[in-house]
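Everything quoted here is computed from the prediction, not taken from an experiment.
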Amino acid sequence: VDPVFTSDGNIYERAAITEWFRSFQMRGKVPTSPLTNLDLADSSLTPCPDLRKEIQRFMDDSVKKQKLALMEARKVQTHLSGNHTDAESRKKDREDASSAFEEPSLRLLGQQR
């Protein structure tokens, strides 16, 4: 994820807007805004670091929530199946809880262009 501003102040994903611009350049035309269809003053792109950080934070939080939900589902499944002792279940839950908060983020946004 790499959000960028265009010259008209709108924000797009860098890969998408770059492809949009490329399609106009191939036809020898001035790029337009995908939102307004008006000609853009130029095709400069300005990074949005604050939005990028917020998106990364959201994604990291989502991964943690998914792991916690998985832990809860395992607890219910274990309880219903009766396959593990309570001690084994508690040990697995502790391991899952630790990994949910210690694993590095996905670093999807860590790539600079």
Side-chain angles (χ1 to χ4, degrees):
V1 176
D2 188 10
V4 292
F5 285 104
T6 54
S7 61
D8 65 350
N10 291 308
I11 300 173
Y12 303 94
E13 169 60 33
R14 182 183 297 271
I17 195 66
T18 299
E19 183 61 33
W20 177 266
F21 288 167
R22 199 171 294 139
S23 72
F24 282 85
Q25 291 168 348
M26 289 174 58
R27 294 179 283 153
K29 295 188 175 192
V30 175
T32 63
S33 167
L35 289 177
T36 65
N37 207 30
L38 297 174
D39 289 349
L40 293 172
D42 60 60
S43 57
S44 64
L45 300 175
T46 305
C48 304
D50 292 338
L51 179 57
R52 187 177 181 151
K53 288 176 190 174
E54 285 300 315
I55 293 169
Q56 182 65 54
R57 190 174 299 124
F58 173 80
M59 292 170 63
D60 289 345
D61 288 347
S62 294
V63 169
K64 288 176 185 174
K65 287 177 184 176
Q66 289 174 353
K67 288 181 179 184
L68 291 172
L70 180 60
M71 282 176 24
E72 288 300 315
R74 283 183 185 155
K75 275 202 262 186
V76 170
Q77 183 180 21
T78 299
H79 177 72
L80 293 176
S81 68
N83 288 341
H84 300 286
T85 66
D86 287 339
E88 289 172 334
S89 296
R90 285 191 302 272
K91 180 180 177 188
K92 180 68 175 152
D93 289 344
R94 281 193 303 275
E95 291 169 358
D96 289 346
S98 294
S99 69
F101 295 99
E102 292 176 3
E103 288 185 14
S105 68
L106 297 176
R107 302 288 181 227
L108 294 176
L109 299 176
Q111 301 171 355
Q112 294 293 325
R113 295 182 188 230

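Here Asp2 contributes atom CG and Leu51 contributes atom CG; the two are 10.0 Å apart, rounded to the nearest 0.5 Å. Once rounded to the nearest 0.5 Å, the distance linking CD of Glu19 with CZ of Arg22 reads 5.0 Å. To the nearest 0.5 Å, atoms CD1 (Ile11) and CZ (Arg52) are separated by 13.5 Å. Note that CG of Leu70 is 10.0 Å distant from CD of Glu72, once rounded to the nearest 0.5 Å.
Ala41 and Ser7 get closest at one heavy-atom pair: N-OG, 3.6 Å. For Arg14 against Pro47, the heavy-atom pair with the smallest separation is NH2-CG, 4.0 Å.
Hydrophobic side-chain contacts under 4.5 Å tie Val30 to no other Ile, Leu, Val, Met, Phe, Trp or Tyr residue. Through side-chain heavy atoms spaced under 4.5 Å, either directly or across other Ile, Leu, Val, Met, Phe, Trp or Tyr residues, Val4 is tied to Tyr12, Ile17, Trp20, Phe21, Phe24, Leu35, Leu40, Leu45.
Listed by first and then second residue, the salt bridge (Lys or Arg N to Asp or Glu O under 4.0 Å) pairs that reach into residues 25-48 come to none, sequence neighbours excluded.
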